[in-house]
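The structure under discussion appears below in the form of structure tokens.
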Amino acid sequence: MPALITFRIEGMHCAGCVSSVEKAIGTVPGVASVNVNLATETAQIEPADMSPLKEEIIKAVENVGFKAFAAEAFEGQTNLHHRKMAEMGQWKNRFLLGAILGTPLMVIGMIPAIQFAGKSWMLFGLALPVFVLVGGRFIASAGRALRYGQTNMDTLIALGATAAFVYSVVQTIRGVSEVYYDSSVMILTLISLGKYLEARARGKTSAAIHKLMELTPDQAAVIRDGKEKTIPISQIEVGDSVIVRPGERIPVDGRITSGHSTVDESMMTGESLPIEKQEGDNVTGGTLNHQGSFTFEATRVGAETALALIIKLVQEAQGSKAEVQRLADKVASIFVPVVLAIAAVTFVATLLNAGDTTEGVLRTVAVLVIACPCALGLATPTAIMVGTGRGASEGILIKNAQALELAGSLDCIVFDKTGTLTEGSPTVTSLHPVEGVSEEELLRLAASAESRSEHPLGRAILKEATGRGLELSEPESFESETGMGVRAQIGEDRIFVGRTSNRPVNQPEQTVVVALRNGRPLGQIWLQDKIRDDAADAIRLLHERGIKTILLTGDHAEVANAVARKIGIDEVFADLRPNQKNEKIEELRQSGFTVGMVGDGINDAPALAAADVGFAMGRGSAVAMEAGDITIAGSRPSSVVVAIELSRRTLGTIKQNLFFAFVYNVLAIPLASIGALSPMIAAGAMAASSVSVVMNSLRLNKE
């Protein structure tokens, strides 16, 4: 799949704007598909075989009255947050202007006892600055859209406020005291208040990612030419030796070359306890070093760091579109023209039935204002933004809105074993030497033979020996036989270390390695890949939600069944090759299950892709992020349950938002058309509708 192209779009205010921009970009040659998101102010474009020209996309967007800028995902999130803060300040100022001038206008205009010469002209003087400085923004936007044959939310607001203002000016010039400047001003003032509260709430949805971006320090200490230098983080190169002192944040990804410490990786993994780090361990940019000091070699810098990839991933997820939103988009694309027709019918019908031009104007203004589809446009993207942001803060990285939407409907979860339900790094549990051989001799000879091996079992034996302080011998020769074991010449002895299928009767989850010296047994070494602490709880919670659990593994049936019994998994399929895992997932889907696959994100990549939703376990590795639809950065099985619950709550919130937005318009427009709602009440209700949708979405952060 070609890489997505991201553009920043300025000037959108409603679902109608989104539809206009999508249609415009969709006409550009080379565009396969486009998703425009109101909440993130972005357009994500999937190129066809021939990539579209950026200049043509920008021109197409400008032709329908908006502005487009090519944007990098990492930078785009920063700019978005700052733009939200600036936008919030602008709407606050507009509201204050309207409130300061509108309050005396309301008092003077609405109290019949207040009468004096030139009253209408005084009201005109109070209303004019608000109409020009606040209303001008809506009128200009509506004018741009109209120039290109488009309508948007601002069309409705501009028509409503202008109709009331112009009608009042005509009445003032004629010397008639019945004017409605207060309606025009309060419409603009209340809508500005709604926009301010909406911008404030929407700003919070980008705050989680903005905080992630602030985790990276501006400068770092590196060793170059044998000297320590402090340089901007942007100048760090792969291979640089970077020094990290107590209390400092790690600037980029790397591997410790000297020193040791504990590191707070909660922002990456959701794990609250600090992790012990020593020579050879990997560290991640943005995580917080505690009391120790160490030097590490930079392995990933700039946009390649795990933190940068997370931000890019969440940015793309927040800009993607859920299936449930497409119905709202289709409705919104025809909504504004329909409302304009209803408004025209309302005016004509009132004029014909009552013969009252004033009442016709007021009802028409109320219809135009109450129908603004802002809440409809915000219903889905705000919930998606909050949901993906909440997931990122808990180490759950959701690639797109489709995955977030679908995860809640899963009724079967398939788990890989090694590295998913288990730690993925076996440890020595016990030593069983034959008579006449000590534990130390068995372990020393086996570890010496394994010292050149890359196999996980060999590394575990070597780690146990070095941990006990045993002095190892350098093999004079070494041979590795795939699936069999290793052979090494240690002095005058020929040592063989290999795995056996025989297992302890009472502990079938143990892996047994035998060691031979010159063909005669030295003893057995028992190892075990420890089951993750939260694995049993994760399975229990899935069962409580009515979800079937299955274990698919390439390991021996005895080990797989033992692990399954301990944690309570429903069904086990062992001794499987990778392609057989795929086949089993397809069988489950053909049986009617909606299947989620949980694997380590590397060797399980095909199975992850075959499932309806793939959960890739891996502490923020680039490979894991690419492999699944959802990445569990902390590799905790219980996070799968959290992701499913987050999906269900997010989808529930979207449905609530859409319900309130649709019902609000369906009920309010008829009331406005018969005169049951004044323009001012309509403006307040419209603003309250938009704010309520955003605030309802923000509840996802608190549940």
Side-chain angles (χ1 to χ4, degrees), residues 4-48 50-71 76 79-80 83 87 90 135-162 191 195 198-199 202 319-321 325-341 343 368 371-381 690:
L4 295 176
I5 303 172
T6 302
F7 278 81
R8 176 165 59 88
I9 309 295
E10 284 189 0
M12 297 189 300
H13 308 291
C14 67
C17 302
V18 170
S19 178
S20 297
V21 175
E22 284 189 338
K23 287 179 180 177
I25 295 176
T27 62
V28 176
V31 173
S33 65
V34 57
N35 276 331
V36 177
N37 189 293
L38 176 63
T40 58
E41 298 179 359
T42 57
Q44 288 187 347
I45 300 165
E46 180 185 348
M50 175 189 70
S51 294
L53 295 175
K54 292 184 178 180
E55 295 79 8
E56 292 186 10
I57 292 173
I58 293 172
K59 184 179 179 181
V61 173
E62 290 178 346
N63 283 343
V64 290
F66 303 93
K67 293 183 179 180
F69 305 89
N79 295 334
L80 174 65
R83 288 200 309 277
E87 180 186 13
Q90 292 167 2
R137 181 227 173 272
F138 296 103
I139 294 170
S141 174
R144 285 196 303 270
L146 184 61
R147 186 173 59 183
Y148 297 106
Q150 302 289 325
T151 56
N152 57 30
M153 184 188 77
D154 290 345
T155 304
L156 303 180
I157 297 173
L159 283 174
T162 301
I191 288 174
K195 289 289 187 181
E198 179 188 308
R202 287 167 64 185
S320 61
K321 187 173 295 183
Q325 187 178 348
R326 303 193 185 278
L327 173 61
D329 288 349
K330 289 179 181 178
V331 172
S333 65
I334 61 173
F335 191 77
V336 175
V338 169
V339 169
L340 291 175
L368 291 171
C372 294
C374 189
L376 192 60
L378 292 169
T380 299
S690 297

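Just so it is clear, the values below take in all heavy atoms, side chains as well, and ignore hydrogens, waters and symmetry mates. Sequential numbering from 1 along the given sequence is applied to the chain's residues.
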For E10 and F66 the tightest heavy-atom approach is O-CB, 3.5 Å
Which heavy atom of Q44 sits nearest a heavy atom of T6, and at what distance? CG-OG1, 4.2 Å
Are S33 and E46 linked by a side-chain donor-acceptor pair shorter than 3.5 Å? yes
Quick one: CG on N35 to OG1 on T42, what's the gap to the nearest 0.5 Å? 9.0 Å
Closest heavy-atom pair and its distance - A68, I9: CB-CD1, 3.8 Å
Minimum heavy-atom separation for P47 and I5, please, with both atom names. CG-CD1, 3.8 Å
Close side-chain approach of V28 and V34, heavy atoms under 4.5 Å: no
Spell out, as yes or no, whether a donor-acceptor pair under 3.5 Å connects the side chain of T27 to the backbone of A24. yes
Would you mind reporting whether I45 and F7 have side-chain heavy atoms less than 4.5 Å apart? yes
